[in-house]
Amino acid sequence: MILQLANLTPAGSKFSGEETSDVFAWPTDSTDIVHPSGPMRWKIVAKLFGDELLIEGSVSAEFSGICSRCGCDMVIDMAEPLCFSVDVSGDVAEVDLTSELRDAILLALPNHPVCKTDCQGVCPTCGKPFSEGSCTCSDTTSSNPWAALDKLV
């Protein structure tokens, strides 16, 4: 997203748009748990204060992937607020905000994405998703993971 400084009004100017998912530069052969599946969209207000350009607004994108608890396919709709400034001193006529917008979304991605906040995962013995009900296997895991250490005392 390249912003022409000559297009700014003294009160600030509103801009919106989108870039294809190519803006994320995600490798096509990636085995990552999530990957971009839609365009990056933004809505911003840009205000010029002397040699500083203040950007406020939001950026959003859609990512597809696999739930880190149950392994089901999922879609994550990411939306992040923006508020940052860019130095525009000198004879700068335009500012490229693409990397700032992209980084805001990428930094907000969860480390361990889940399909829903109450996802219960899968049985460690048989692999049945707990969302389909409890399993009937002979899961011997204790409700207290520290129980084996209590026996050492």
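Here the structure is a predicted model, which is why all the values come from computation and not from measurement. Note: hydrogens, waters and symmetry copies are ignored here, and every other heavy atom, side chains too, is used.
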Transitively linked via ILVMFWY side-chain contacts under 4.5 Å: F84 with V88? yes

Side chains of I66 and C72, heavy atoms from C-beta outward: is any pair under 4.5 Å? no

I need the E62 CD to I105 CD1 distance, nearest 0.5 Å. 11.5 Å

CZ (R41) and CG (L101) are apart, to the nearest 0.5 Å, by 14.0 Å

Donor-acceptor under 3.5 Å (S21 side chain, S37 main chain): no

Qualifying residues under side-chain hydrogen bond (donor to acceptor under 3.5 Å, both in side chains), relative to D103, sequence neighbours excluded: none

So, do K14 and I44 sit near enough that their side-chain heavy atoms are less than 4.5 Å apart? no

Any side-chain to backbone donor/acceptor pair from S16 onto W42? Under 3.5 Å, distance only. no

Linked, directly or transitively: I76 and V114 (ILVMFWY side chains, under 4.5 Å): no

Should M78 and P110 count as side-chain neighbours, where that means a heavy-atom distance under 4.5 Å? yes

Can you list the residues that meet the side chain to side chain contact (heavy atoms under 4.5 Å, CB included) rule with A46, with sequence neighbours excluded? L3, L8, F15, L53, I55

Counting C-beta onward and ignoring hydrogens, is there a side-chain heavy-atom pair between V75 and F63 closer than 4.5 Å? no

